[in-house]
Structure formats: structure tokens, C-alpha cells
Amino acid sequence: MCQYAQVIVDVPTRQTNQPYTYKIPAAYQGEIKPGMRVIVPFGKGGRKIQGFVVGLIGPEELIYEEHLLKTLIQPLDFTPVLNQEALQLADWLAETTFAFKISCLQVMLPNVMRASYHKTIRLLDQDVPVEIKALFQKQNEIPYDDVTDAKLLRQLVKLRQANKVEIVYHVKDRAQKKMVTAIQKQVTNEEIVSLKTQIPKNAVKQAQLLDFLASVSQTTILQSEAQVQSGLTAADFKTGAKKGWLKQIKVEKYRDPYADTEFKTTIPKSLTPSQTTAVQSVTQAMLQQQAETYLLQGVTGSGKTEVYLQIIAEALAQKKTALMLVPEISLTPQMVQRVRSRFGQQVAVLHSGLSDGEKYDEWRRVEEKQAQVVVGARSAVFAPLENLGVIIMDEEHESSYKQDEMPRYHARDVAIWRSQYHGCPVVLGSATPALETRARAQKDVYHWLQMPDRINGQAMPPVKLVDMREALKEAPAPDISQELLTAIKQRLAKKEQVVLMLNRRGYSSFMLCRECGFVLKCPNCDISLTLHMDTHSMKCHYCGHEEAIPQTCPQCQSRKIKYYGTGTQKVQEELAKLLLTARVLRMDVDTTRRKGAHEKILQQFGNHEADILLGTQMIAKGLDFPDVTLVGVLNADTALGLANYRASETTFQLLTQVSGRAGRADKKGEVIVQTYNPEHYAIQWAQAHDYESFYRKEMQVRHLLGYPPYYFTIKITVSGNDQLSASKKIHEIYRELQTVLSKDALMLGPTPQQIMRINNRYYFQLVIKYKFEKNLEQYLKNLLVKSQTDEKAGIKLVIDRNPLNFI
DNA sequence: AGCACGCCGACT
DNA sequence: GTCGGCGTGCTC
């Protein structure tokens with residue numbers, strides 16, 4: 001029967017969110033299946049683009065006249081790259097996150113499977129002007145991008161109409177499997193004996209080769225390995241192939257990012273009673289194929305990782321697969337090693353540090369069922385595991401689980417969707433669960449598993465608050481109180497290590513004129529420039545603008561323009577002055593930009609090559625250094641000042657997490673927190689290590705102010721090249737929403753964003769708070785498709801469901 | 001992106 | 001009355 005393909009196409013600009021129907025060439029009838037990538041012609045120019053087949057229909061289902069349909073050009077895959085689950089998940093993602101279907105399909109695949117497009121110009125007739133001939137030189141086809149001259153481009157357009165040149169579109173699949181040579185023995189050992197008598201006496205290499213072949217028992221061996229083992233060269237094997245002794249074949253090679261790392265195997269540790277309960281509850285659900293969600297709330301050091309590992313082991317024992325999600329930042333070699341050393345080669349690791357090729361290889365190892373366990377960051381939630389036994393999400397409160405570009409999904413929601421598809425449990429682990437997660441556990445939507453005690457029975461380290469309003473008066477340096485300095489000196493004397501954290505979010509050093517109050521700002525964004533001592537320049541963190549450090553104030557010419565505020569570089573200088581001999585390692589976005597720099601710094605610190613590790617938020621996560629006995633937080637509360645409804649929650653989580661870094665082994669730890677808001681409840685309850693009290697207090701606040709989890713929220717952001725058009729658009733949406741929404745819904749705004757201008761774009765936002773709105777979804781879906789027409793006028797619209805921050 | 005359609009101003 | 005300017009809309 002003749003079939004037609006329903007294809008979601010990857011149109012670079014306009015997205016329709018609706019499939020297009022294509023004829024399937026006779027040669028491919030029956031070959032094309034849903035989930036395959038295909039190349040299709042699109043638009044008047046006959047340009048080729050990539051698309052995904054999402055369904056097949058018969059002639060009776062055509063709603064479009066047959067002769068109007070185009071024919072797809074070719075499939076890009078032999079077998080579907082997206083299975084039925086992925087296709088359904090993509091539909092759900094598009095619906096719930098207000099995203100284009102194509103972006104949902106693409107997000108599930110490694111980057112290299114997104115085709116690259118390029119155009120070439122082909123010369124069809126030699127009768128063209130000299131300058132065009134010069135352009136082509138001797139070739140008759142050149143890349144389109146080589147033509148930059150506008151005059152030549154106009155000429156080419158004319159020539160094209162005269163059929164003297166044509167534009168050829170290319171779709172290139174960037175997914176390249178790496179192939180290597182392997183050899184297969186073609187002769188038996190008996191034959192080798194007789195062959196050896198037949199070869200010339202001086203053919204030493206051939207004799208060696210025959211001896212080697214006699215010694216191998218495997219049917220297939222990599223030639224590179226054979227060369228090492230036999231001491232022969234590639235040429236010798238080629239001779240062998242010519243003589244028919246062996247066959248050379250090409251086999252797929254996976255680029256193993258952990259090839260040189262050795263892993264010691266570890267055995268499961270014995271569990272505490274609360275760990276045992278957790279493991280048993282989850283494995284029971286796994287056995288009965290129940291799609292239940294568990295909140296595993298365990299304090300730092302309560303042994304959550306061991307629980308994860310034993311649950312994964314149980315999944316494997318039940319011949320199922322397991323998916324473990326961790327925040328990107330804690331996907332350190334330490335973490336990977338812990339999983340790898342338990343499950344070895346069955347583990348595939350997916351994170352941003354891998355090259356595109358490596359990611360593709362790991363993805364294929366999963367797809368081809370060579371790996372049963374996947375450990376990875378956010379996007380790994382789409383790993384093509386079949387027969388899932390469990391999904392684990394460590395540090396489930398982390399904001400990096402939410403993608404901040406389309407599709408704006410939260411990995412937690414995807415994990416729960418997949419668990420329902422597979423009938424398997426989800427484990428959400430955290431010491432400081434997101435408020436909505438903890439609230440769902442309260443309402444029995446999730447099962448609540450608690451691990452309140454540390455494994456080694458140690459108490460949480462004492463946390464001391466230093467009121468900087470007072471302490472600043474006699475502080476030895478602007479960012480370091482006397483109390484903290486004394487504590488640091490004590491540790492250094494005992495050869496113990498110190499971790500200092502600078503909470504830098506939304507706060508850094510900028511240039512301020514003490515004479516006239518002038519602040520040096522970015523010319524493109526409404527934000528002050530940040531001082532970078534390493535490059536001796538002023539940089540904008542939003543658009544990358546860079547300029548020289550001013551010597552005099554541009555406004556009043558005073559020389560009293562100085563930096564103000566706190567940065568890790570500045571603190572490092574202060575430390576150097578106060579502690580002449582201390583070795584300080586700095587870790588922030590600037591020192592970790594290079595690939596592998598992050599790991600290197602941690603390794604150096606672990607090897608005691610430094611006494612103090614000074615860094616931003618990134619040092620708070622999942623690090624485990626036994627000799628760290630003091631953790632100092634230099635400024636606990638800058639995040640509280642930000643106008644964001646989750647400020648208290650993130651501050652509490654950060655402080656609790658960083659406190660857990662002190663005294664993990666047998667040595668007693670201490671935490672010192674410098675703050676200007678010592679009486680704030682987030683800081684008070686963090687000091688007391690009391691999540692429950694914080695949770696109750698914060699829930700009250702959210703209830704009072706009508707924030708999540710009491711309300712659903714959707715944030716609409718409009719940005720434009722000029723302030724007026726963006727403002728007009730958001731007000732237009734606001735007026736429309738007034739007619740769409742019921743009386744129970746609330747709207748915040750429209751307001752200009754915190755930083756109204758970024759990279760010369762103006763941002764406005766509008767937040768909708770609601771409990772149930774039957775018309776809202778449909779309105780927003782239409783708005784999304786309609787909004788594309790405004791993009792030509794430079795107006796961009798973003799719809800974000802459950803945004804992680806808004807004013 | 002690229003091409004057609006369509007509605008206003010300067011021209012044969 | 002016609003040519004062509006490019007604003008607008010659509011692509012199976």
C-alpha cells in the first residue's frame with residue numbers, strides 16, 4: 001500500500017508546529033518509519049532541509065490533494081533514531097512548555113544529529129562576465145558564503161534567472177561514526193603450519209605474521225591491538241590480507257572519554273536502617289512496576305549516593321536499566337568514578353564536557369543497549385534507555401535542571417513522565433528539597449523517605465553567624481572579619497584546609513567615582529561593568545563588551561574613581577596581604593572557563609597543593625575533601641537582596657549545602673557565615689540546620705504572597721530593539737489576557753525586567769498566577785505561533801511555564 | 001530563507 | 001494605463 005510521511009520540518013525561521021505530508025519515493029516505500037530523520041524539499045526555492053517523520057498515513061487519510069504534495073528526498077537513518085516513547089514525549093513537551101515540536105524532537109538527540117545546511121553555486125554556462133569567471137576560477141562549484149560582494153551577488157541573481165548558474169542546497173548529517181580496522185583470521189592453525197613451509201626463507205615478517213595468527217583465538221581483533229601484540233606494521237597485515245590469510249574489516253569504534261582512567265571496583269557498603277528502608281521501598285516499587293515518585297530527603301553525609309547505587313544495582317539485577325541525573329556542576333570525576341567503579345563498562349556518561357563526537361558515541365552505546373546505566377546532566381533525561389527500572393535525580397532542587405531555552409522543560413517533570421510511561425519509580429534526592437517537592441511529599445503525592453542522620457554519626461558542624469554591620473568596623477579587610485581571619489589562621493597552623501565561598505550572584509566589583517557617584521556602565525546593557533584584574537579590563541557579563549579600566553572619572557575627571565564591591569580576585573588580594581604564606585586557589589567562572597580547568601583545580605586542592613579554596617557557588621556542590629575543617633561564607637545574603645520570590649529558598653539551600661562541606665571525615669568542622677541580615681529566617685534556620693522549620697516558614701510566606709506552590713505561574717517576556725515597540729506588545733498581550741483570564745487569576749506587571757536593557761535589547765515581562773484557567777493554554781499556544789510574525793520587526797516573545805525566577 | 005502576491009508612486 | 005518599489009504571507 002502506498003504511504004505518505006508526516007514530517008515535522010526544521011525551517012530555520014518560521015515554525016508551524018504542524019506536520020507536512022510528503023510522498024515517499026517507490027524505492028523507500030516500507031522503509032520509512034516514524035522516528036527517522038529525512039531530507040525534504042521545502043518552499044519555492046526547492047531548498048533541502050531536515051525533518052522528522054512523526055507518522056505514516058494511507059491515501060484515504062490525505063486531507064491535501066495528492067498532486068500538490070512534494071516527494072521526500074531520502075532518509076538519513078536506516079532505523080528510527082527516535083522511538084515511540086520519544087515521539088510521544090516530544091508531543092507532551094511541546095504542549096506543556098509552549099515549544100515548537102521541532103525543538104522538542106531535536107533536544108532528545110545528540111547535537112551532531114542536527115544536520116548542517118550549506119549552499120553552493122554551480123556554474124552551468126561558461127558564457128558569463130569576466131568577474132564571475134574570476135570568482136569561480138577553475139572550479140565550477142563554489143560555496144555560497146564565499147560571495148560577500150553585494151554587486152557580484154546581484155549579478156548572480158540575474159544569471160540564475162538566465163539559467164547560467166544554479167544554487168545547490170546541501171544537507172549534511174554531522175553524525176559520523178568513527179571506524180577502525182580490525183582483522184579476522186581466515187586460515188586454520190593446521191593450514192598455518194603448511195603455509196609456513198611454503199613461504200620463502202627470507203620472508204621474516206610473513207613468518208612472524210603466521211605465528212601471530214596461530215596465537216590468536218578471537219575471531220575479530222582490532223588491528224591496532226594486533227600491531228602492538230605482534231610488533232608488526234600495518235603493511236605486514238596488508239600483505240597478509242592480500243595472501244588471503246586474514247580479512248581486514250571496518251568496525252565501529254566508540255570514543256571512550258574515560259579510556260585512560262582506571263577504576264577500582266567497589267562493593268556495596270552495608271547500610272544504615274534508614275538507608276535500607278529507602279532502598280527497599282524503591283526496589284519494591286520497581287518490582288511491581290509502579291510509577292511512584294519518592295522524595296529521598298537526607299542530610300549531607302547521610303549516604304544518599306550509596307542508596308542510589310544499590311537501587312541501580314537492583315534495577316540491573318531485575319534486568320532493567322537505570323537513569324541517574326545529577327547537576328552539571330557536580331558531575332565531577334569524583335562522582336562519575338563512584339558510579340563507574342560500581343558498574344564498570346555498563347555506564348554511559350553524558351555531560352557538557354564531552355565533545356559532540358563523544359556525546360554521540362555515548363548516546364549510541366545506550367541506544368544499542370551496550371550501556372544499561374546512564375549518568376548525566378539535564379539533557380540525559382532523554383537518554384534512549386528502554387525497559388527503565390528507575391530514574392534517580394540527585395540534588396533535585398538545583399536550578400540547572402530547568403532549561404532556559406526552548407523547550408523550557410524541567411528535567412524533573414520529564415523524569416516523572418518517563419516513569420509513568422515505563423511503570424518505574426523516580427527518586428528525587430536532596431538535603432534541601434525544592435519547596436514544591438517537599439509540599440507534594442506532605443500531600444502524599446510523593447512518598448517521603450527521610451535520612452536525618454549522618455553515616456558517621458557526627459553532628460552537623462556548628463555554624464557561627466558574624467554580623468558584618470558590627471564586624472566591619474574593626475575588620476582587617478573589607479570582606480574578611482576578624483573572627484573569620486582568626487579561624488583561618490588556626491586551621492592553617494594545624495595544616496588543615498579552608499573553603500571560602502563568595503556568593504556573587506548579581507553582585508561584583510564595579511567602578512564608582514567617590515567624587516560624583518558615577519558608575520561605569522555597559523554601553524549596550526543597563527548594567528555596570530565588572531572589573532577583571534587578570535585581563536586588566538572592564539567587562540560586561542551579559543553581552544561580553546570589554547573596555548579599558550578608567551584612570552579618571554569620565555564624568556567629572558576626578559582621579560577618585562575606584563572599584564567597589566566584592567569579587568573573588570579582590571578577596572584573593574586581601575587574603576594575600578593578610579596571610580602572606582597561605583596558598584590560595586581561586587575557582588570561579590573566569591578560572592574554570594577552559595575545558596578541564598574545574599577538575600584540575602579540585603585535584604590540586606585535594607592534593608594539598610593549596611590551603612584555601614576560594615570560589616563562587618560552584619564550590620558548594622558535592623565536593624568531598626576530608627581535610628577541610630573550616631568553611632567560610634563571605635557574604636551570605638546578597639541573593640536575598642534580589643527581587644526574586646525564591647531568594648530565601650536559594651539562600652537557605654546554598655548555606656546548608658556549603659555547611660555540609662566542613663568536617664566530613666573524622667575531623668570536626670566549623671562554619672562561619674558573614675552576613676548583613678543575621679536575623680533573616682533563611683539564615684537563622686540554615687544556621688540551625690533545620691530544614692523543616694524553614695519549610696514551614698517559607699510556605700507561610702508563599703501562601704501569604706500567592707506564590708508557588710500555591711499558585712501556578714507563567715512568565716511572558718517580550719523583548720525588542722526599541723523600548724516602545726516591546727512595551728506596546730506586552731501591553732497588548734496584557735489587554736488580551738484580561739479577556740482570557742477568569743477573576744481568580746492574577747497578573748504581575750507588565751513591568752520592565754530587572755535589567756531592562758541587555759545587549760541593546762529591551763525586556764519586559766508579565767507574570768500570570770493562577771490555579772485553574774481553561775482558556776489560558778489555548779491562548780498562549782496561539783500567541784506562540786502568532787509571535788513569529790513579529791520577529792521580523794525584532795520583537796521576541798518567550799513563554800516560560802513555572803519560571804524559576806521572577807520579580 | 002526565498003518567492004509570490006498585492007497595493008501605492010513615477011513613468012511611457 | 002503600466003512598471004516596479006518592497007511590505008506581507010506562505011511554504012506539504
Side-chain angles (χ1 to χ4, degrees), chain A residues 2-26 28-29 32-76 87 94 100-103 105-106 114-122 143-148 150 152-172 720-722 725 728-729 732 782-797:
Chain A
C2 185
Q3 286 191 313
Y4 299 86
Q6 303 258 268
V7 181
I8 298 281
V9 290
D10 173 27
V11 189
T13 49
R14 174 112 186 159
Q15 296 297 340
T16 45
N17 242 1
Q18 143 219 347
Y20 289 84
T21 312
Y22 282 89
K23 290 191 248 191
I24 298 173
Y28 296 127
Q29 280 288 341
I32 304 277
K33 299 195 179 71
M36 279 185 181
R37 297 174 301 154
V38 288
I39 299 175
V40 294
F42 195 82
K44 304 273 156 63
R47 137 186 99 96
K48 297 177 197 169
I49 54 171
Q50 191 189 58
F52 287 87
V53 179
V54 291
L56 295 171
I57 56 169
E60 71 288 351
E61 291 170 90
L62 285 181
I63 44 166
Y64 218 68
E65 284 178 64
E66 215 260 357
H67 69 275
L68 293 172
L69 300 182
K70 287 184 181 170
T71 308
L72 69 81
I73 295 166
Q74 56 159 290
L76 277 171
L87 292 175
F100 296 126
K101 284 218 172 100
I102 187 71
S103 67
L105 293 162
Q106 311 218 90
R114 200 168 304 178
S116 67
Y117 303 118
H118 72 279
K119 301 188 274 194
T120 53
I121 308 168
R122 190 182 286 160
Y144 187 89
D145 297 339
D146 281 10
V147 189
T148 44
L152 282 175
L153 219 51
R154 266 199 302 276
Q155 278 193 13
L156 284 167
V157 171
K158 288 239 171 73
L159 288 169
R160 189 185 173 190
Q161 281 158 0
N163 242 342
K164 292 190 172 179
V165 298
E166 72 171 330
I167 291 178
V168 189
Y169 296 90
H170 302 266
V171 177
K172 194 169 164 250
N721 297 325
D722 68 289
S725 61
K728 261 187 181 161
K729 184 74 199 171
E732 179 192 318
N782 292 341
L783 185 65
L784 176 75
V785 173
K786 268 200 314 193
S787 72
Q788 294 182 101
T789 47
D790 297 322
E791 269 184 44
K792 277 195 196 125
I795 293 186
K796 275 195 205 123
L797 178 105

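By convention in this document, chain letters (A, B, ...) are assigned in the order of the sequence lines, proteins followed by strands, and residues within each chain are numbered from 1. These numbers come from a predicted model, not from an experiment.
- Checked by atom type, the side-chain pair A/E61/A/Y4 shows no donor-acceptor distance below 3.5 Å.
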Contacts under 3.5 Å, N or O only, protein and nucleotides 4-7 of chain C:
none

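- Regarding A/I24, its CD1 atom lies at a distance of 13 Å from the C1' atom of C/dC12, rounded to whole Å.
- If you check every strand for non-hydrogen atoms under 4.0 Å, A/K119 touches sugar and phosphate atoms only.
- Rounded to a whole Å, the CD atom of A/E65 is 14 Å from the P atom of C/dC12.
- Scored by the side-chain hydrogen bond (donor to acceptor under 3.5 Å, both in side chains) test, A/S787 finds no partners at all (sequence neighbours excluded).
- Heavy-atom contacts from other residues, nucleotides or ligands closer than 6.0 Å to NZ of A/K164 number more than 12.
- As a whole-Å value, the separation of A/F42 CZ from C/dC10 C1' is 8 Å.
- Counting heavy atoms of neighbouring residues, nucleotides and ligands inside a 6.0 Å radius, atom NZ of A/K728 does not exceed 12 of them.
- Rounded to an integer number of Å, the gap from CD1 of A/I167 to C1' of B/dG2 is 9 Å.
- Applying the 5.5 angstrom centroid cut-off and the 30 degree plane-angle cut-off, the aromatic ring of A/Y22 is not stacked upon the base of C/dC12.
- Every pair passing side chain to side chain donor-acceptor pair (under 3.5 Å) that includes a residue from residues 34-51 of chain A is listed here, sequence neighbours excluded: A/R37-A/D77, A/R37-A/D173.
- The separation between A/K70 atom NZ and C/dC12 atom P is 4 Å, rounded to whole Å.
- Rounded to a whole Å, the NE2 atom of A/H118 is 18 Å from the P atom of B/dA1.
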Per-pair distances, 0.1 Å, donor-acceptor, side chain in residues 5-12 of chain A, under 3.5 Å, sequence neighbours excluded:
residue: A/Q6; atom: NE2; partner: A/T21; partner atom: OG1; Å: 2.9
residue: A/D10; atom: OD2; partner: A/Y117; partner atom: OH; Å: 2.9

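- Shown here are the side-chain hydrogen bond (donor to acceptor under 3.5 Å, both in side chains) partners of A/H118, two or more places apart in sequence or in another chain: there are none.
- The two residues A/Q3 and A/L56 make their nearest non-hydrogen contact at OE1-CD1, 3.6 Å.
- Going from atom NE2 of A/H67 over to atom P of C/dC12 covers 13 Å, rounded to whole Å.
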Tabulate protein N/O versus nucleotide N/O from nucleotides 3-7 of chain B, keeping only pairs under 3.5 Å, one per line.
residue: B/dC3; atom: OP1; partner: A/R160; partner atom: NH1; Å: 3.3
residue: B/dC3; atom: OP1; partner: A/R160; partner atom: NH2; Å: 3.2

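- Of all the heavy atoms in A/Y22 and A/P41, the pair that sits closest is OH-O, 2.7 Å.
- Distance CG (A/L68) to C1' (C/dC10): 14 Å, rounded to an integer number of Å.
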